[in-house]
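Take a look at the structure below.
To find a chain, count down the sequence lines: A is the first, B the second, and so on, and within it residues start at 1. Any value given below was found using the heavy atoms of this structure, including those in side chains, with hydrogens, waters and symmetry copies removed.
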Amino acid sequence: MTNAHPPSRDLPAQFVPGEVEGRLYERWLERGYFEADPKSDKPPYCIVIPPPNVTGSLHLGHAMDHTLIDALTRRRRMQGYDALYLPGMDHAGIATQSVVERQLADAGEPGRRQMGREAFVARIWAWKAESGGAILGQMRRLGEGVDWTRERFTLDDGLSRAVQTVFTQMFDDGLIYRAERLVNWSPALQSAISDIEVDHREVEGELVSIRYGDGDDAVVVATTRVETMLGDTAVAVHPDDERYRHLVGRTIRMPITGRDIPVIADDHVDPAFGTGALKITPAHDPNDFEIGRRHGLPMPTIMDEAGVIADSGTRFDGLDRFAAREAVREELRAQGRIVEERRPYRHSIGHDSRTGVPIEPRLSLQWFVRVERLAKAAGDAVRAGDTRIHPPELASRYFDWVDSMHDWCISRQLWWGHRIPVWYGPDGQTICVGPEEEPPSGAGWRQDDDVLDTWFSSGLWPFSTLGWPERTPDLDRYYPTSVLVTGYDILFFWVVRMMMFGLYAMHAVPFRDVYLHGLIRDEHGRKMSKSKGNVIDPLELIDAFGADALRFTIARGSNPGTDMSLSTEWVAGSRNFVTKLWNATRFALANGVTVDMPLPGEPTDADRWILGRLREVREETDALLEEFQFAKATEGLYHFTWDELCDWYVELAKVQLRDESTAQGTRAVLGHVLDALLKLLHPVAPFVTEELWTTLSGGESVVVAPWPVDAGRPVDPAAAARVADLQKLVTEVRRFRTEQGLPDSRRVAARVADVSGDAEAALRALARLEPDGDGFAPTATVEVVLSDGAARVELDTSAAIDVAAERARLGRDLAAARKELEQAEKKLGNPKFVEKAPPTVVDGIRARRETAAADIERVTARLEALPTP
RNA sequence: GGGCGCGUAGCUCAGCGGGAGAGCACUCGGCUUACACCCGAGCGGUCGCAGGUUCGAACCCUGCCGCGCCCA
């Protein structure tokens with residue numbers, strides 16, 4: 001293999017992320033590693049980005065999406081797939097329009113209505129050009145392996161064509177209709193919004209009981225929105241309610257408006273609730289609307305788009321709805337109409353999820369998607385397993401939603417978005433104009449003013465980005481996409497819509513797997529919010545600790561469907577891990593390690609052990625990643641790297657490297673393990689692994705290096721057991737030293753019995769023991785029961801030992817062994833246990849009993865041998 | 001009100017039928033030629049409460065208490 005960049009075989013003492021990340025990323029782009037190739041003979045793998053809003057900047061939620069998607073696609077690329085991570089952004093209708101409107105207001109410029117539609121939309125485009133770049137820059141900082149040649153925007157020409165095409169098809173299929181309905185109206189946005197854009201929250205309001213009518217004909221009704229009485233057109237009671245039977249069919253005179261309204265009987269009135277009589281305001285309450293429809297009641301609208309009382313024919317016209325509430329209440333009070341007031345009265349009301357303003361149900365003419373058939377298909381596809389939801393617990397939420405979905409209001413009274421492709425003619429014609437058709441011209445024709453809900457276009461994202469409605473090579477190859485990665489919070493907003501549209505337009509699910517991650521919270525599990533001041537900016541974390549550290553932290557915390565807590569300390573911990581990896585590789589390089597050296601024909605126990613562990617870890621990592629278990633996979637690699645490779649193998653390697661007979665084999669094993677480990681870590685920590693792997697291997701790039709399918713060797717249980725014994729022995733001697741206050745710098749003469757030659761050399765190095773020379777006079781003995789019998793280390797501490805400390809140490813050992821013996825004997829003393837438990841379990845307990853008994857005997861002897869004070 | 005989930009070491013979490021774990025924090029000792037962003041040794045928990053199933057329960061079942069989320 002020829003190398004464009006001959007490796008320099010050594011590394012700076014410190015990894016400084018800021019100095020290498022940009023350079024590496026540019027190199028990856030130059031070489032086109034991230035560009036997909038539909039003509040390739042490799043199997044395809046595709047993930048489309050959940051498009052961030054152009055308004056914003058990357059927050060930790062995005063960083064999580066992006067880290068996980070990038071990890072999945074990088075791994076597949078290494079596994080030999082033609083992997084496509086497709087980037088793009090969402091025009092985010094309401095959010096973006098609001099931002100620009102606020103900018104205009106702040107700058108004291110004319111508002112959008114004064115500017116006019118065309119100028120205002122042009123203004124947003126200009127702003128988008130400027131702000132859209134911020135996110136792209138942040139994605140590069142995170143190291144995302146996206147195919148920039150395929151970047152898309154929900155409002156670009158191709159995607160707009162896709163929107164128009166789907167709209168037309170659905171219109172022709174009768175799946176899109178226009179109707180006057182009571183919709184969720186946001187007085188703040190002055191637009192309709194869909195059900196899921198409404199948050200229901202408890203508020204402290206008031207419940208006011210009002211008397212309508214007089215004398216025997218009086219009826220008391222209660223309401224939390226007194227002002228709506230201006231739009232009342234009936235009072236409803238239950239047909240079987242004796243209290244009101246005499247009133248049904250008669251009229252009752254309203255206070256303030258002086259209108260006579262009918263008393264009607266309707267089964268839906270709950271006679272047990274309140275007085276059993278209900279005021280009916282059909283144009284301003286969903287239930288009242290239904291009752292009004294059933295009884296053919298008039299439906300006067302008494303508020304305008306901004307929530308200001310209008311056309312009520314009363315003096316309250318012009319008052320904001322909340323001011324009107326007070327004013328109407330006071331007027332009623334003055335007229336002696338108020339029977340009771342409960343305040344505060346806690347009840348749940350809908351709020352516009354974007355602005356937080358209470359929703360005003362409003363009767364208006366809007367466009368809807370008839371969802372029944374589409375939602376059923378979306379549910380069935382998951383039931384049939386065509387798309388799998390991870391974690392499965394969240395599938396039930398999905399089913400609940402699709403199985404009881406209401407028609408979707410898709411028109412928005414905004415300007416920024418896909419304009420509804422419907423034209424109205426001078427004689428009342430309504431025609432839907434497809435992308436290949438010319439809109440009607442001539443006097444009296446005009447296009448619908450509204451734009452589509454943003455989620456309408458994001459719902460098409462998995463195929464519109466691949467070129468639909470054209471039948472492009474990309475579309476043929478990458479649809480259905482492989483996985484969708486997103487937060488569970490937009491399961492309904494987005495995932496359901498993509499399922500519905502994908503099945504409708506493509507007749508196939510949009511993705512095979514859906515991985516739903518949780519939210520990133522602060523270090524105490526609280527939601528991050530600007531008002532709490534606990535928001536962490538991912539770029540600051542990248543600046544402080546490097547992109548790899550942030551990515552590693554996110555991956556390590558991502559259990560399916562579960563929120564994670566994150567603090568700078570955690571990211572610092574990941575940075576430390578990256579540093580550890582860096583230094584381990586530096587150690588290898590300094591000792592002449594390269595990859596592809598032939599593994600030793602006669603590996604040492606340590607070699608066999610670490611190669612076996614590598615095999616196991618690689619298999620676990622693969623299995624976990626296939627199940628989207630990012631946290632567990634990452635955690636496993638963390639511990640393998642730190643606790644096994646660095647803490648033990650590298651230390652043992654130092655001994656082996658000093659010995660001619662094992663030095664070369666050790667280099668080969670270290671090279672082999674690091675080669676595989678760097679590859680395994682690359683998907684989550686791309687920068688540091690690239691820098692280390694290219695230096696170590698001289699290879700072109702780990703981005704395109706093959707995934708280590710054959711890493712390691714089959715486990716050698718005997719060798720593994722001997723290494724475990726050695727670890728136990730070393731730890732026990734270290735413990736003795738610590739208890740005796742013997743610093744590491746102080747070598748202690750020791751005589752070792754019943755330990756193999758190799759192990760003894762390792763023990764002496766790791767426990768800082770020196771040979772027993774002339775005049776060796778042991779002052780203490782450390783005994784350890786190992787898998788094949790007891791080992792003994794006699795130590796000459798060259799002074800009287802601290803007997804009290806040693807007595808304490810042995811005392812703890814004795815207590816532990818006694819507890820162990822007691823537990824084992826209790827179990828074995830239970831005949832039912834011996835009879836019913838599996839033999840392997842019983843044998844295990846027996847072995848523990850024997851070990852404990854031996855420990856007690858040994859420790860007791862040692863204690864007795866100690867000099868008495 | 002319905003549904004889902006969670007209560008395990010000071011904090012954040014993993015473990016989900018057979019010996020209570022991790023990271024951080026804390027204590028003690030160390031600049032041991034990869035690493036002080038480090039090394040070594042430790043401290044720390046009636047696994048929310050109460051019943052039940054089982055030879056055996058943090059783990060399965062039931063109830064209760066507390067918390068979160070989604071939907072009404």
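At a threshold of 4.0 angstrom between heavy atoms, the contacts of A/D489 with the nucleic acid are absent. When heavy atoms are screened at a 4.0 angstrom cut-off, A/T579 is found touching base atoms of the nucleic acid. A/T585 comes within 4.0 angstrom of nothing in the nucleic acid, heavy atoms only. Here A/R586 lies in heavy-atom contact (under 4.0 Å) with sugar-phosphate atoms only. Nucleic acid contact for A/N559: sugar-phosphate only, since backbone atoms but no base atoms lie under 4.0 Å from a heavy atom of the residue. Within 4.0 Å (heavy atoms only), A/E651 reaches at least one base atom of the nucleic acid. Contacts of A/R768 with the nucleic acid, taken as non-hydrogen atoms under 4.0 Å apart, include base atoms. Here A/V650 lies in heavy-atom contact (under 4.0 Å) with a base. Using a 4.0 Å heavy-atom cutoff across all strands shown, A/F492 reaches sugar-phosphate atoms only and no base atom. A/R556 comes within contact range of the sugar-phosphate backbone alone, with a heavy-atom separation under 4.0 Å but no base atom that close. At the heavy-atom level, A/E635 lies under 4.0 Å from the strands shown only through sugar-phosphate atoms. Using a 4.0 Å heavy-atom distance criterion, A/K654 is classed as a base contact. Nucleic acid contact for A/Q823: none, since no nucleic acid atom lies under 4.0 Å from a heavy atom of the residue. Nucleic acid contact for A/A590: none, since no nucleic acid atom lies under 4.0 Å from a heavy atom of the residue.
For a distance-only test at 3.5 Å, the side chain of A/E523 fails to qualify as a donor-acceptor partner of the base of B/C11.
Nearer to the 5' terminus of RNA chain B, by closest-nucleotide assignment, is the contact made by A/E569 (compared with the other of A/C646 and A/E569).
Ionic pairing of A/E760 and A/R764 is present here: one or more N-O contacts between side-chain nitrogen and carboxylate oxygen are shorter than 4.0 angstrom. Note on A/D855 versus A/R848: no salt bridge recorded, every NZ/NE/NH1/NH2 to OD/OE distance being 4.0 Å or above. Ionic pairing of A/K654 and A/D659 is not present here: no N-O contact between side-chain nitrogen and carboxylate oxygen is shorter than 4.0 angstrom. Remark: A/D744 does not engage A/R768 in a salt bridge, criterion side-chain N to carboxylate O under 4.0 Å.
Rounded to an integer number of Å, the gap from CG of A/D403 to C1' of B/G3 is 13 Å. What separates CG of A/L394 from C1' of B/C70 is a distance of 10 Å, to the nearest Å. Between A/R812 atom CZ and B/C43 atom C1' there is a gap of 10 Å when expressed in whole angstrom units.
For A/T738 and B/C28, the shortest distance from a side-chain N or O to OP1 or OP2 is not below 4.0 Å. Here A/K836 reaches the OP1 or OP2 of B/C55: one of its side-chain N or O atoms lies under 4.0 Å away. At the phosphate of B/C39, OP1 or OP2 sits under 4.0 Å from a side-chain N or O atom of A/W642. Residue A/R735 places at least one side-chain N or O under 4.0 Å from the OP1 or OP2 atom of B/G42. Residue A/R848 has a polar side-chain atom (N or O) positioned under 4.0 Å from OP1 or OP2 of B/G19. Put simply, A/K826 has no side-chain N or O that comes within less than 4.0 Å of OP1 or OP2 on B/C55.
Nucleotides B/C37 and B/C31 place their C1' atoms 15 Å apart, quoted to the nearest Å. The same atom, C1', is picked in B/U53 and in B/G15; the two are 22 Å apart, to the nearest Å. Here, B/C43 and B/A58 have their P atoms 22 Å apart, quoted to the whole Å. The P atoms of B/G2 and B/A9 are separated by 31 Å, rounded to the nearest whole Å. Separation of the P atoms belonging to B/A41 and B/G21 is 16 Å when rounded to the nearest angstrom. Taking atom P on both B/C59 and B/G48, the two are 8 Å apart, rounded to the nearest angstrom.
Closest approach to the A/A584 side chain among B/C55, B/A34, B/A14 is made by B/A34 (side chain taken as heavy atoms from C-beta onward). Checking B/G18, B/G29, B/C35 against the side-chain heavy atoms of A/N583 singles out B/C35 as nearest. Of the candidate nucleotides B/A72, B/C37, B/C11, B/C11 has the atom lying nearest to any side-chain atom of A/H524. Taking every side-chain heavy atom of A/K580 into account, B/A34 is the closest of B/C37, B/U12, B/A34.
Side chains of A/R667 and A/Q664: a donor-acceptor N/O pair is present below 3.5 angstrom, by distance only. Judged purely by distance below 3.5 Å, without hydrogens or angles, the side chains of A/H517 and A/D65 pair a donor atom with an acceptor atom. A/D607 and A/Y649 share a side-chain donor-acceptor pair at under 3.5 Å.
In this structure, A/Y515 has its ring center closer than 6.0 angstrom to the ring center of A/F630.
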